[in-house]
Student: 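Structure in structure tokens, see below.
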Amino acid sequence: MLRILNSQSRKKEPFTPLDPVGKRVLMYTCGPTVYDSLHLGHARAAITPDVVRRYLEYQGYQVRYVTNFTDVDDKIIRRAVAEGLDYRKLTATYIDEFHRMMLALNVKPADAYPRATDHIDEMLQIVERLVKAKHAYVALDGDVYFDTSSFERYGALSKRKLEEEEAGLSGRIDEERLKVKKNRGDFLVWKLLKNDKEELSKGGDAVPRWASPWGDGRPGWHLECSAMSAKYLGLPFDIHCGGMDLLFPHHEDEKAQSECAFCKELGGKESVNYWVHNAFVTVKARPQDATIAADLVDSGGVKMSKSLGNVKWLREMIRPAGPFDPMAVRMLMLSSHYRSPIVFEPALLDEATARLERIYNGLDAMREALVRAARGKEDTRGYELNAEELARFSDPNLKTTRVPLLKNTAKAREAFTAAMDDDFNTAGALSAVFDLVTAANQEAAALKPDAPVTEGHATGFRMALGTLVELLQVLGFRPQREAAASAGDGEALVELLMKTRAEARAAKQFALGDKIRDELKALGYDVEDLPGGKWKVKKK
RNA sequence: GGCCGCGUACCCAAGUGGCUAAGGGGACGGUUUGCAAAACCGUUAUUCGCCGGUUCGAGUCCGGCCGCGGCCUCCA
């Protein structure tokens with residue numbers, strides 16, 4: 001039974017979908033504000049819901065998944081104005097990068113990627129409803145604000161009482177804005193162009209604006225998620241994901257708007273059943289960061305921010321521009337629980353790469369064993385479990401079998417599911433994956449080099465391989481090494497060198513053989529010799 | 001000031017009342033190998049920040065202390 005830690009109750013709750021048949025699950029994740037490149041934090045914020053979704057699908061649910069782009073907001077406008085660009089051109093650039101990065105990270109595509117600017121009408125309808133129901137008001141300066149005092153449940157999600165937070169905050173409250181609003185927590189739902197501060201209004205016609213009954217302007221940030229989740233999923237829906245930082249104010253405000261604007265449709269119910277928030281990726285402070293006190297340097301992580309110059313850009317980490325396999329980033333993220341912060345340092349990606357490599361080597365060993373069993377067949381494809389085998393494998397009696405690999409496979413699947421059922425404990429699930437890899441390696445190591453692989457062994461390997469591939473896919477890993485970037489001349493030349501090396505070794509000219517191996521390694525090709533004069537070359 | 005979270009081996013990290021504290025990385029020793037690599041075997045936490053309490057029993061619950069982080073302003 002899957003249990004999810006719900007941010008709203010702060011408790012692990014058994015997961016029950018809203019769907020009366022219990023089949024469909026509706027999921028929404030707050031996507032990025034597309035004004036800059038993605039960093040490692042964005043990777044985590046995308047991988048977390050991806051694994052939630054994949055696990056739900058593994059459990060037989062049909063998931064409808066929607067994530068948005070915030071493609072209009074002050075940061076975007078400021079940057080577009082500063083660079084003399086049309087803001088749409090700016091956002092298109094980063095939406096494009098987002099899709100490329102998601103592809104690299106093997107994040108399953110969403111069913112819809114709505115953008116704020118395509119839903120201005122829907123947002124205005126919500127503003128209208130809110131104003132009509134007296135949940136929103138026109139402030140002294142003409143902007144439209146949500147009235148937090150009008151919504152009893154306001155603060156229920158983030159457990160905040162704004163009055164109690166004011167002490168000690170004197171220097172950080174925007175006194176000017178406070179003068180025009182009714183309550184400190186009231187937030188913008190419609191912002192008038194004429195109220196823009198100078199650095200924005202100097203953009204002139206480049207500043208986007210939409211007509212509204214309250215005057216030309218643009219929507220408040222939180223509004224888009226209310227509008228788009230209602231449109232693409234309907235309210236209420238099952239699971240809402242996002243970064244920890246969005247809990248307040250973004251999700252609190254989004255929830256308030258949704259529940260006030262659609263209160264009739266919701267019939268008093270809340271708009272979201274399960275709130276899932278992932279923790280940050282932070283970075284170790286560096287001594288040269290002048291804004292950080294010296295005694296903090298040796299501590300845990302600090303948040304990535306551009307002013308500190310410590311942002312870890314995703315595209316600079318992963319291939320082709322960076323040194324790491326994108327799956328290593330996924331491995332890093334899934335190696336700890338999604339609610340624990342990750343203090344990033346590059347060595348963690350080295351470790352994740354090593355972990356990944358162990359899994360790939362295990363997969364290789366299983367496939368090789370199966371090839372040997374099939375004698376002569378060079379193509380290792382087609383060894384994944386078929387439906388009949390899967391069904392057979394689900395038989396709990398398999399655990400009592402005397403083929404140890406079958407027993408260990410069943411054990412691994414059970415441990416994997418138990419861990420994932422416990423609020424998506426991917427670190428625990430990975431430990432089950434490694435146990436399976438070890439069991440398969442043990443079996444492979446026990447095979448005599450020249451003896452045939454028996455049918456019994458082959459069955460064990462096939463079950464283990466099929467299961468491992470399946471579990472890896474639940475976690476979003478590709479079940480084989482990344483294909484070499486170009487299988488062109490380079491690969492052919494490597495093959496030629498390896499043949500030459502084999503001849504040298506056959507003639508016991510080991511110095512030459514080792515030289516070729518060393519030089520290839522320097523070029524990024526790891527050479528492994530296999531029994532029977534065969535070899536394996538792994539591109540780093 | 002309010003709210004939330006974290007502190008488990010050399011490193012990453014799971015474990016939230018009860019068999020010997022997962023798993024991975026690293027290191028060291030062994031098997032295998034022409035030498036490597038990969039793989040296999042073994043070693044690496046009598047102890048879970050510190051102090052006290054509850055309990056037959058606590059890393060796990062409660063209280064205090066110390067250290068660290070996040071949110072309260074745009075933020076994944």
Side-chain angles (χ1 to χ4, degrees), chain A residues 7 10 29-33 35 38-46 48 70 73-75 78 155 158-170 172-174 177 184-185 221 241-250 277-282 296 298-306 331-332 335-337 339-343 345 347-348 350-362 364-365 415 419 422 425-435 437-438 440-446 449 505 508 510-511 513-514 517-518 521 526-531 535-536 538:
Chain A
S7 301
R10 308 226 167 116
T29 298
C30 288
T33 303
Y35 73 108
L38 268 55
H39 55 243
L40 284 173
H42 292 106
R44 191 175 202 190
T48 301
T70 299
D73 99 315
D74 286 12
K75 284 194 302 295
R78 210 169 289 139
S158 57
K159 305 278 184 290
R160 270 157 218 272
K161 295 192 181 75
L162 291 179
E163 322 80 67
E164 290 177 8
E165 296 195 343
E166 292 197 17
L169 276 179
S170 53
R172 297 164 60 196
I173 294 174
D174 188 340
R177 265 176 84 185
R184 179 168 89 81
W221 172 38
C241 299
M244 217 48 133
D245 52 331
L246 298 181
L247 180 61
F248 188 88
H250 180 57
H277 291 97
N278 65 273
F280 272 128
V281 179
T282 62
L296 280 182
D298 223 12
S299 67
V302 292
K303 200 167 153 168
M304 288 188 272
S305 85
K306 267 169 265 178
M331 178 60 85
L332 169 61
S335 292
S336 55
H337 192 270
R339 274 185 291 103
S340 307
I342 292 174
V343 182
E345 48 186 318
L348 291 178
D350 289 327
E351 189 188 321
T353 303
R355 282 160 71 80
L356 205 56
E357 190 59 24
R358 178 166 171 79
I359 290 172
Y360 289 146
N361 285 335
D364 285 347
D422 185 13
N425 182 352
T426 53
L430 276 168
S431 118
V433 166
F434 280 108
D435 284 342
V437 168
T438 301
N441 280 337
Q442 282 168 339
E443 194 91 347
R505 292 181 67 228
K508 304 247 186 274
F510 294 120
D514 292 352
R517 183 172 64 198
D518 292 346
K521 190 177 173 74
D526 279 356
V527 172
E528 283 181 31
D529 293 321
L530 303 173
W535 63 78
K536 187 160 83 181
K538 293 189 281 195

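The figures that follow rest on heavy atoms only: side chains count, while hydrogens, waters and symmetry mates do not. So that the names make sense, note that chain A is the first sequence line, chain B the second, and so on, each numbered from 1.
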Student: Just wondering, do A:Glu357 and A:Thr353 contact through their side chains at under 4.5 Å, heavy atoms?
Tutor: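 The answer is no, as the side chains (C-beta and beyond) never meet within the 4.5 Å cut-off.
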Student: Take atom C1' in B:G53 and the same atom in B:U43, then report the distance between them in whole Å.
Tutor: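 About 38 Å, rounded to a whole number of Å.
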Student: Quick one: what's the B/S/- string for nucleotides 14-22 of chain B, heavy-atom cutoff under 4.0 Å, read 5' to 3'?
Tutor: SS------B
Student: What I'd like to find out is whether the side chain of A:Leu40 reaches to under 4.5 Å of the side chain of A:Val281, using heavy atoms alone.
Tutor: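 Result yes, sub-4.5 Å side-chain heavy-atom pair found.
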Student: Should A:Asp245 and A:Lys303 be marked as a salt bridge (charged side-chain N to carboxylate O under 4.0 Å, His left out) after you check the CA-CA gap, both sets of side-chain angles, and the distance that decides it?
Tutor: CA-CA 11 Å; A:Asp245 52 331; A:Lys303 200 167 153 168; 5.1 Å; no
Student: Can you tell which of B:A76, B:U73, B:G24 lies closest to the side chain of A:Glu351?
Tutor: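 Selected nucleotide: B:G24.
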Student: Heavy-atom count around A:Lys521 NZ within 6.0 Å, excluding the residue itself: above 12?
Tutor: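 Atom NZ in A:Lys521 is not crowded, with 12 or fewer foreign heavy atoms closer than 6.0 Å.
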Student: Within the 4.0 Å heavy-atom criterion, would you say A:Thr33 contacts the bases, only the backbone, or no part of the nucleic acid?
Tutor: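 The residue A:Thr33 makes sugar-phosphate contact but no base contact.
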Student: Can you see if the side chain of A:Lys159 gets near the phosphate of B:G2 - specifically, an N or O under 4.0 Å from OP1 or OP2?
Tutor: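 No, A:Lys159 has no side-chain N/O under 4.0 Å of OP1/OP2 on B:G2.
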Student: Tell me every residue that passes ring pair (Phe, Tyr, Trp, His ring centres under 6.0 Å) with A:His250, counting only those two or more places apart in sequence or in another chain.
Tutor: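 Once residues adjacent in sequence are excluded, the partners of A:His250 under the ring pair (Phe, Tyr, Trp, His ring centres under 6.0 Å) criterion are A:Trp221, A:His222.
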Student: Anything below 3.5 Å on both distances counts as a pair; with that, list the stems of at least three consecutive Watson-Crick or G-U pairs involving RNA chain B.
Tutor: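 Stems found: B:1-7 with B:66-72, B:10-12 with B:23-25, B:26-31 with B:39-44, B:49-53 with B:61-65.
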Student: Applying a 4.0 Å non-hydrogen cut-off, can you work out what A:Lys508 is touching in the nucleic acid: base, sugar-phosphate, or nothing?
Tutor: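 Contact class for A:Lys508: none.
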Student: Please check if the side chain of A:Asn425 supplies one atom and the backbone of A:Gly428 the other of a donor-acceptor pair under 3.5 Å.
Tutor: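 Such a contact is found between A:Asn425 side chain and A:Gly428 backbone.
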Student: So which protein nitrogen or oxygen atoms get under 3.5 Å of nucleotides 42-45 of chain B's nitrogens or oxygens?
Tutor:
none

Student: Quantified in whole Å, what is the P atom distance between nucleotide B:C10 and nucleotide B:U44?
Tutor: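 Those two atoms are separated by 13 Å.
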Student: I'd like to know if A:His39 reaches the base of B:A76 with its side chain, counting only an N/O donor and acceptor under 3.5 Å.
Tutor: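 Indeed, a donor on one side and an acceptor on the other fall under 3.5 Å apart.
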Student: Between B:U47 and B:U54, how far apart are the two P atoms, rounded to whole Å?
Tutor: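 One P to the other, the span is 23 Å.
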Student: Kindly point out which of B:U73, B:C71, B:G23 is positioned nearest to the side chain of A:Arg160?
Tutor: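 Of the candidates, B:C71 comes closest.
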Student: In whole Å, measure the gap between the C1' atoms of B:A14 and B:A9 for me.
Tutor: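 So the two C1' atoms sit 14 Å from each other.
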Student: On RNA chain B, check which nucleotide each of A:Met244 and A:Phe434 is closest to and give me the residue with the more 5' one.
Tutor: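 Whichever sits nearer the 5' end wins; that is A:Phe434.
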Student: Please tell me which of the listed nucleotides, B:C71, B:C12, B:U73, lies nearest to the side chain of A:Asp245?
Tutor: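 Of the candidates, B:C71 comes closest.
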Student: Do any side-chain nitrogens or oxygens of A:Arg355 fall under 4.0 Å of OP1 or OP2 in B:G26?
Tutor: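 Checking A:Arg355 against B:G26: no side-chain N or O falls below 4.0 Å of OP1 or OP2.
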Student: Generate the contact string for nucleotides 34-39 of chain B. Rules: B means base contact, S means sugar-phosphate contact only, - means no protein heavy atom under 4.0 Å.
Tutor: BBBBSS
Student: In whole Å, what separates the P atom of B:C28 from that of B:U33?
Tutor: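 About 22 Å, rounded to a whole number of Å.
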Student: Pick the C1' atom in B:A45 and in B:G7, then give their distance to the nearest Å.
Tutor: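 These two C1' atoms come out 16 Å apart once rounded.
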Student: In terms of the nearest nucleotide of RNA chain B, which residue is placed more toward the 5' end: A:Asp350 or A:Gly41?
Tutor: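 Here A:Asp350 is the residue nearer the 5' end.
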Student: Determine the Euclidean distance between corresponding P atoms of B:C50 and B:A37; express it in Å to zero decimal places.
Tutor: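 Roughly 39 Å separates the two P atoms.
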Student: Once salt bridge (charged side-chain N to carboxylate O under 4.0 Å, His left out) is applied, do any residues pair with A:Arg358, and if so which ones, sequence neighbours excluded?
Tutor: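 For A:Arg358, no residue satisfies salt bridge (charged side-chain N to carboxylate O under 4.0 Å, His left out) once neighbours in sequence are set aside.
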Student: Are the side chain of A:Ser335 and the backbone N or O of A:Met331 linked by a donor-acceptor pair below 3.5 Å?
Tutor: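 At least one qualifying donor-acceptor pair exists.
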Student: If I pick the P atom on B:G34 and the same atom on B:G25, what distance separates them, to the nearest angstrom?
Tutor: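 To the nearest whole Å, 26 Å.
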